[in-house]
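Remarks on the structure that follows.
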Amino acid sequence: MAATVTPADVGALEREWTLPDRGTVGIILLMITESSLFTIFVVAYLVYIGRSATGPFPKDVLEVPIVASICLLSSSLTIVLAENALKRNQVGRFKLWWLVTILLGGEFLTATGVEWHHLIYKEGLTISTNLFGTTYYSLVGLHASHVIVGLFFLLLVMLVSLMGFPIQHQERRVKFLSWYWHFVDAIWIVVFTVVYIIGR
Amino acid sequence: MATIDQPLPAKAATMREEFSWSESLYNWVATVDHKRLGLMYVVSALVFLVIAGIMASIIRLQLAFPNNHVIGPDTYNRLFTMHGTTMVFFVGMPMVAGFANYLVPLMIGARDMAFPRLNAFGFWIFLFGGVLLYFSYIGGGGLSGAGSAPDVGWFAYAPLTERAFSRGASTDYWILGIFTAGIGSIASAINVIATAISMRCPGMTLARMPMFVWVMVIDSWLILIAIPPLTAAQIMLAYDRFLGANFFNTQAGGSAVLWQHFFWIFGHPEVYILIFPAFAILSEVIPVFSRKPLFGRPAMVAAVIAIGFISLGVWAHHMFAVGMTAWSNTFFAASSMLVGIPTGIKIFNWTATMFGGKLRMDTPMLYCCGFLFQFLVAGLTGIMLAVSPFDWQLHDSYFNVAHFHFTLIGGLVFGLLVGMYYWYPKVSGRMYNERLGKLSFWLFVIGFNTTFIPQHFLGFLGMPRRIYTYPAARGWETFNLISSIGVIFQIAAVGLFAWNVVYSAIKGKQAGDDPWDAWTLEWASTSPPPEYNFEKLPVVRSSRPLWDLKHPQDPDWKFGQ
């Protein structure tokens, strides 16, 4: 700071004083701490690859969920389209892209459910069968639980906007939800790589 | 920036007296005020401190004489587990959160934390975790009726925690209690960082932010990164116990050592999380009582950041005796010794701040001096233990117990006492009794050192940790007896402290807003501060805003501070 500060400077300082938005900081910190949680589950998965004493083994029973992954990743695109529509105050278009996002997320979750049903009832793989089952269900399940939380809030926004709540005033909160959704997608890329590419 | 020009009702404290008993209880339960939440954190931490302190006293009573039978081995296992778990998660962690909550907004000139309701949630979920842990004494038997409180040690090593070896529900209460409290810690850490980044008053740049706030921000970073590994490992353990998963089940190929890695990836940063508040408090108090600015402020910030980084890569020094490869042992020994460099910088800078200063030896400053000596000893034994062959010799011995009690009592508890005496006039509006404060300091110093210095020698003589009794004629009797006698002095010191706090809150003389002639913003508010903290948000031009205010002819900002 310069050596001469007059009261007039103080007034200017007060007016020009801007700091990062607390919500932005909060959501970024949430992502950091969540990443730390996922890291440990990913490490456990990597450590236990090929350590299962008995079958079934990943290469025999796992099928790469290509369609579900495409759905989830493209939902990141549609939520951005929804956000942009909201920025331009086009509420109808926002609702449309928001619905598409929910459907894509729902398709991903359904595909996970079908996959688990297949593994449990056809292949006889449960969380207690072997180390593969233990690490697979806990890592994919941890991610799926985050998808469920995301979908819950996406649905909440959909519901209130359909009920006529002025959602265009909530651009900031919609942005945070969208960031969370991108985060869940990014985590899926890691989980996908670990489970279906490295681990198979 | 919203400022309030109209003067608000002068003191919230006087308004509070108009409420009935039930109304004021409701006000405390429903509050989102950072000061009340901070106080509740500190008070509940003190309650847990007394509980866990009584446990430690019973342990020392049992060990005072060879072949003693005050308590049996099962009770002993539960006592040291609950003592360790309580002290770390329900005394240390809430103290971090409590001090940060009360002081960070005041020091940066804000009216509250960034997320006041999240703050209240964090406190209540933490308290719920503590209740859950202690409920194990009633519900820990579970349906099979075996065991009561957890007895697996505070680090709960697998496979002893697996269903086959730990029947009943006691370990489940350990998992759930700490898991729940961990959520509270993360909520409060997010809040502290967001507050420091987004709520600073005009002119409070990061370079001018008080050292206390800086250290608490870095502490919160460590919480964000280090608590989730424990949470993850506890989820895995819960899967093992409830769903029959195999994470730590060695018979299905699982690894018990993996638990140790995960636990200490959390556990080592955790000890820095616990000691950082002491660093934060000392960095504020030593300058004020030396009448000099903190020596080497940028170096102090850099040292804390360095400790934070290095602490994430030293965890396996807790596992030298497990049988890792020579390269791992070498790496973790070297990285652990590296911590000594930034910590040394801090000790030197505090000493340099005192050097040539006009020292005022009031109770907080006495505790600062006690801290410097004792924490130095703790650091030196720490470097000894970092040498892995030395650790093989003394692993899980009383030398180790003495080392970490020197860091946690000689360091952390002394640091917290500095803070409690220093900010007592601000929080209560009244001055504590200086004579009682000094008396309790000397009692504590004598008691603490009498208890823990002999334990170093017990370690050298081969006494292992976690044994509930020992045979005579091993040369351990004298040191154990001396160690237990020290406890009496410590109890007297804590009793005097408690009496001082309660008595002075009623009968102490009025302290005024700024009894220490200090320099940070919390002393610009009234004592105790009103709910809104500042009538008008302050504007800051240096790292010592109150110095500028008191010395308009010689302000800090003229010298580029």
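Throughout, protein chains are lettered first and strands after them, A, B, ... in sequence-line order, and every chain is numbered starting at 1.
- Ring planes of A/Phe132 and A/Tyr136: tilted class, angle from 30 to 60°.
- Looking at A/Phe41, both its backbone and its side chain come within 4.5 Å of chain B, counting heavy atoms on both sides.
- Between chain A and the residues B/Gly203, B/Ala252, B/Ser255, B/Ala226, the largest count of heavy-atom pairs under 4.5 Å involves B/Gly203.
- Using modelled atom types, one finds no donor on one side chain facing an acceptor on the other under 3.5 Å when comparing A/Thr54 with A/Asn130.
- Of the atoms belonging to B/Ile197, heavy atoms from both backbone and side chain fall under 4.5 Å from chain A.
- Counting only N and O atoms by type, the side chains of B/Ser328 and B/Thr325 include a donor and acceptor under 3.5 Å apart.
- Classification of the B/Phe266-B/Phe263 ring pair by plane angle, with boundaries at 30° and 60°, yields perpendicular.
- Contacts of B/Leu258 with chain A are made by side-chain atoms alone, with heavy-atom separations under 4.5 Å and no backbone atom involved.
- Taking A/His169 as the reference, nothing meets the ring pair (Phe, Tyr, Trp, His ring centres under 6.0 Å) condition, with sequence neighbours excluded.
- Proximity to chain B is absent for every atom of A/Ser35, based on heavy atoms less than 4.5 angstrom apart.
- Of the atoms belonging to B/Leu230, not a single heavy atom falls under 4.5 Å from chain A.
- Heavy-atom pairs under 4.5 Å with chain A peak, among B/His261, B/Gln251, B/Met236, at B/Met236.
- For the 3.5 Å distance criterion, the side chains of A/Glu63 and A/His118 fail to qualify, holding no donor opposite an acceptor.
- Heavy atoms closer than 4.5 Å to chain A are found nowhere in B/Ser220, neither backbone nor side chain.
- Heavy atoms of B/Phe247 lying under 4.5 Å from chain A belong to its backbone as well as its side chain.
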Original post:
Given the rule in the salt bridge (charged side-chain N to carboxylate O under 4.0 Å, His left out) test, do B/Arg163 and B/Asp172 qualify, once you have shown the distances and angles that lead to the verdict?
Top reply: CA-CA 10 Å; B/Arg163 189 61 88 190; B/Asp172 303 320; 3.6 Å; yes

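- Of the listed residues (A/Val25, A/Asp21, A/Thr24), the greatest number of heavy-atom pairs within a distance under 4.5 Å of chain B belongs to A/Val25.
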